[in-house]
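Just the heavy atoms: all of them, side chains too, but no hydrogens, waters or symmetry mates, feed the values below. Order of appearance sets the numbers: ligands from 1, and atoms from 1 within every ligand.
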Amino acid sequence: MEQTLSLIKPDAVERNLIGKIVTVFEENNLTIKEIKKIHVTLEFAQKFYEMHSERPFFKDLCSYISSGPLVAIVLEGDNAIQKNRDLMGATNPSEAQEGTIRKMFAISIDKNSVHGSDSSESSKREIDLFFKQ
Ligand code: CMP
């Protein structure tokens, strides 16, 4: 069993898509181990996304993710990290495959509805930030 962090981002929370996105996880054998709705501060967002601090989109990314409530979820299941990334689809929804969460729900590369940890190290770090501090 593996765990990963999923975020349902403010654009999806605002459009009442929490249930539809959680259903995708559950129908694909990912279990909700922890879940909470939270409005993060700009400082928290900057820490969460610190690996992107040199990227040109960093400022907009942090202000967007702290602009309204999001839902943080610990997902658990076999191969949960990769499975969640497959279910999300490509970062840019215009490149995402049919049936993926981002293809179905995302608005743009910024408002792309969900985040998922990309490795075992980042899942530990991200779960710790949202649920253990
Ligand atoms: P996420 O998986 O949350 O990780 C970092 C986020 O930066 C990404 O989703 C996108 O929403 C956002 N982003 C904005 N512009 C870009 C870009 N050019 N490349 C990658 N991510 C981007």
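- Heavy-atom contacts of Tyr49 reach the following atoms of ligand 1: 1 (P), 3 (O), 4 (O), 5 (C) (cutoff under 4.0 Å).
- Nearest to atom 14 (C) of ligand 1 among the protein's heavy atoms is Asp110 OD1, 3.3 Å.
- Summarising the contacts of atom 9 (O) of ligand 1 with Met88, Lys9, His115, the nearest heavy atom is found in Lys9.
- Closest heavy-atom approach to atom 6 (C) of ligand 1 within the set Asp118, Asn112, Leu61: this belongs to Leu61.
- Geometric assessment of Lys36 against the ring of Phe131 yields a positive cation-pi assignment under the 6.0 Å and 45° thresholds.
- Note on residues 107-119: no pairs pass salt bridge (charged side-chain N to carboxylate O under 4.0 Å, His left out), not counting sequence neighbours.
- In this structure, Phe44 has its ring center closer than 6.0 angstrom to the ring center of Phe130.
- Two residues are said to be in side-chain contact when any heavy atoms from C-beta on lie closer than 4.5 Å; Glu2 and Glu76 fail this criterion.
- Ligand 1 has Arg102 within reach: a non-hydrogen atom of the residue lies less than 4.0 Å from it.
- With Glu34 as the fixed residue, the side chain to side chain contact (heavy atoms under 4.5 Å, CB included) test singles out one of Ile127, Val74, Ile73: Val74.
- Of the heavy atoms in Ile109, both backbone and side-chain atoms come closer than 4.0 Å to ligand 1.
- The heavy atom nearest to atom 8 (C) of ligand 1, considering only Thr91, Ile65, Asn92, Asp60, is found in Thr91.
- Remark: among candidates Tyr64, Phe57, Phe58, the nearest residue to atom 7 (O) of ligand 1 is Phe57, based on non-hydrogen atoms.
- Between His52 and Phe57, the ring planes lie tilted relative to each other; the angle falls in the 30° to 60° range.
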